[in-house]
Amino acid sequence: MTMTADDVTAALATEADAVRAAGHARFFKTGPGQYGEGDRFLGLPVPASRRLVKPFLGLPLDQVAILLDSEYHEHRLAAVLILDAQYAAAPEQTADFYLAAVRRGRVNNWDLVDASAEFILGKYLYERPRSVLFELAASESVWERRVAIISTFGFIKRGDASTTLEIASLLLPDEHDLIRKAVGWMLREVGKRVDQAQLIAYLDANAPRMSRTTLSYATEHITREQRLHYRAQ
C-alpha cells in the first residue's frame, strides 16, 4: 500500500506528550512577536521523531508536502528527515523540492534548518554553482538566511571554507540572534575542520565588526589568549 502523510502523523501521535509540548512551545519561542510565533508541538523528543519516521522514508513527495504544510512542528521535522533520506536516490529532485519548501516558508525554525540544509543543499551544491545561497542570504526571511549559512556546513565537512567565509561576511551585520549564532558556529567549524589559519585570518580582518555572540561562538576552539585578543576588539 502507498504510504500517506496520515500514516506518518498517526505514528508520531502515539508518543505525543502534552507536558513536553508546552515546554517545547516555550523553548522554541512561540509567543507573540517571537521567532516561532504560532508554532504548535506534539511534544516528541527528536530521537523519537527520528525513530518513528524510519518506516516512512519512501513517502511520496506529494505527501511530504502535506507534512510540510502542517501546523505541527514535528510533522515538518518528519518531512525534512524524510527528504534527507531521499536525497541520495534523487539529488536534483530532492534539492529542488526542498528549496521550494524553504522559499515558501515551510522550513521555519532553526532545528528544521539545522536538520536539513547541510544534508540537502550542502551536498547538492558542493560541485555546482552556489549563487542560490547568496540569494537566500539576502532574503528578508531569517530562515532563508539561516539555510544559506548552515548549508555551507556540507562544504566545510569536505574541506571547503570559501563560501562559508563569503556568506558570513554578508551576514555579519545581521541583528537576529539566530543568524549571529549560526555564523559564529560555522566560523568555528572552519577553524576546527578546515584550517585554523583561515579562521584566524578571517578574525584578524573582521573581528571589530562582529557581534559579541558571533565572536564568542567563532572563538570557542582557539587559545584563551587569542579569544581575549579578539574579544577586546
Side-chain angles (χ1 to χ4, degrees), residues 35-36 68 76 79-80 83-84 86-87 90-219:
Y35 65 74
L68 285 168
R76 302 194 306 280
V80 298
L83 292 175
D84 289 350
Q86 293 184 357
Y87 175 82
E92 183 172 4
Q93 180 183 46
T94 305
D96 287 348
F97 182 89
Y98 175 76
L99 182 58
V102 169
R103 284 177 159 159
R104 64 189 181 89
R106 302 318 300 158
V107 184
N108 55 356
N109 216 311
W110 60 263
D111 63 320
L112 306 183
V113 172
D114 297 358
S116 57
E118 66 164 293
F119 304 109
I120 300 174
L121 295 184
K123 291 180 178 178
Y124 185 69
L125 297 175
Y126 179 71
E127 294 181 338
R128 294 176 173 86
R130 302 173 183 179
S131 58
V132 66
L133 296 184
F134 293 87
E135 294 172 14
L136 294 174
S139 171
E140 294 183 0
S141 165
V142 64
W143 309 124
E144 291 186 24
R145 301 198 303 276
R146 190 168 174 109
V147 166
I149 188 67
I150 298 299
S151 291
T152 72
F153 204 179
F155 312 153
I156 290 170
K157 288 179 176 179
R158 298 177 72 171
D160 178 0
S162 60
T163 304
T164 303
L165 300 180
E166 290 182 76
I167 291 179
S169 293
L170 294 176
L171 295 177
L172 284 185
D174 204 298
E175 296 184 356
H176 202 294
D177 191 53
L178 290 175
I179 300 303
R180 291 178 170 182
K181 289 178 178 178
V183 171
W185 172 23
M186 291 301 100
L187 291 174
R188 181 190 72 200
E189 295 301 320
V190 168
K192 178 181 175 182
R193 297 171 182 266
V194 182
D195 181 8
Q196 190 172 96
Q198 287 193 52
L199 171 61
I200 295 300
Y202 188 86
L203 294 172
D204 286 341
N206 295 285
R209 66 189 190 99
M210 294 168 70
S211 71
R212 291 184 179 183
T213 298
T214 299
L215 193 58
S216 178
Y217 274 69
T219 57

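Remember, it's a predicted structure, so these values are computed and weren't measured experimentally. Atom set for the values below is all heavy atoms of this structure, side chains included, hydrogens, waters and symmetry mates excluded.
- How far NZ of Lys123 is from OH of Tyr87: 7.0 Å, rounded to the nearest 0.5 Å.
- Judged purely by atom type and a 3.5 angstrom limit, Ser216 has no side-chain atom pairing as donor or acceptor with the backbone of Arg212.
- Proximity of Leu112 to Trp143: side-chain heavy atoms (C-beta onward) are nowhere separated by under 4.5 Å.
- Residue Arg145 forms a side-chain contact (heavy atoms from CB on, under 4.5 Å) with just one option from Leu171, Leu136, Leu178, and that option is Leu171.
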Stepwise side-chain contact (heavy atoms from CB on, under 4.5 Å) check, Ser162 with Gln198: CA-CA 10 Å; Ser162 60; Gln198 287 193 52; over 6 Å; no
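- Side-chain N or O atoms of Tyr124 include none that pairs as donor or acceptor with a backbone N or O of Asp96 at under 3.5 Å.
- Cation-pi check for Lys157 over Phe153 is met; the charged atom lies under 6.0 angstrom from the ring centroid and within 45 degrees of its normal.
- Between Ser151 and Met186 there is no side-chain heavy-atom pair separated by less than 4.5 Å.
- Nearest heavy-atom pair, Asp114 versus Trp185, reported as atom, atom and distance to 0.1 Å: OD2-CZ3, 3.7 Å.
- A heavy-atom distance below 4.5 Å is not found between the side chains of Ser116 and Leu83.
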Criterion side-chain contact (heavy atoms from CB on, under 4.5 Å) on Leu68 and Arg104, from CA distance to verdict: CA-CA 10 Å; Leu68 285 168; Arg104 64 189 181 89; 4.2 Å; yes
Working for side-chain contact (heavy atoms from CB on, under 4.5 Å), residues Leu170 and Ile149: CA-CA 10 Å; Leu170 294 176; Ile149 188 67; over 6 Å; no
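- Nearest approach of Tyr98 to Val80, heavy atoms of both residues: CE1-CG1, 4.5 Å.
- Nearest heavy atoms, Leu133 versus Ala148: O-CB, 3.3 Å.
- Contact between Leu199 and Val190 at its shortest, heavy atoms only, is N-CG1, 4.5 Å.
- Atoms OG1 and CG, on Thr214 and Asp177 in that order, are 8.5 Å from each other to the nearest 0.5 Å.
- To the nearest 0.5 Å, atom CZ of residue Arg146 and atom NE2 of residue His176 are 9.5 Å apart.
- Between atom CD1 of residue Ile179 and atom CH2 of residue Trp110 there is a gap of 13.0 Å, rounded to the nearest 0.5 Å.
- Of the charged side-chain nitrogens involved, none lies within less than 4.0 Å of a carboxylate oxygen, so that Glu166 and Arg130 do not count as a salt-bridged pair.
- You'll find the side chain of Met210 stays beyond 4.5 Å of the side chain of Val183, heavy atoms only.
- Taking CD1 of Ile156 as the reference point, atom CG of Leu165 lies at 8.0 Å (rounded to 0.5 Å).
- Side-chain contact between Arg103 and Val132 is present, with heavy atoms from C-beta onward closer than 4.5 Å.
- Of the possible donor and acceptor atoms, none in the side chain of Asn109 sits under 3.5 Å from a partner among the backbone N and O of Asp111.
- Of all the heavy atoms in Ala218 and Leu187, the pair that sits closest is CB-CB, 3.8 Å.
- Between Leu125 and Phe155 the shortest side-chain heavy-atom distance falls below 4.5 Å.
- Of all heavy-atom pairs spanning Phe134 and Ile167, the tightest one is CE2-CG1, 3.8 Å.
- Side-chain N or O atoms of Arg180 include one that pairs as donor or acceptor with a backbone N or O of Asp174 at under 3.5 Å.
- To the nearest 0.5 Å, atoms CD1 (Ile120) and CD (Glu118) are separated by 10.5 Å.
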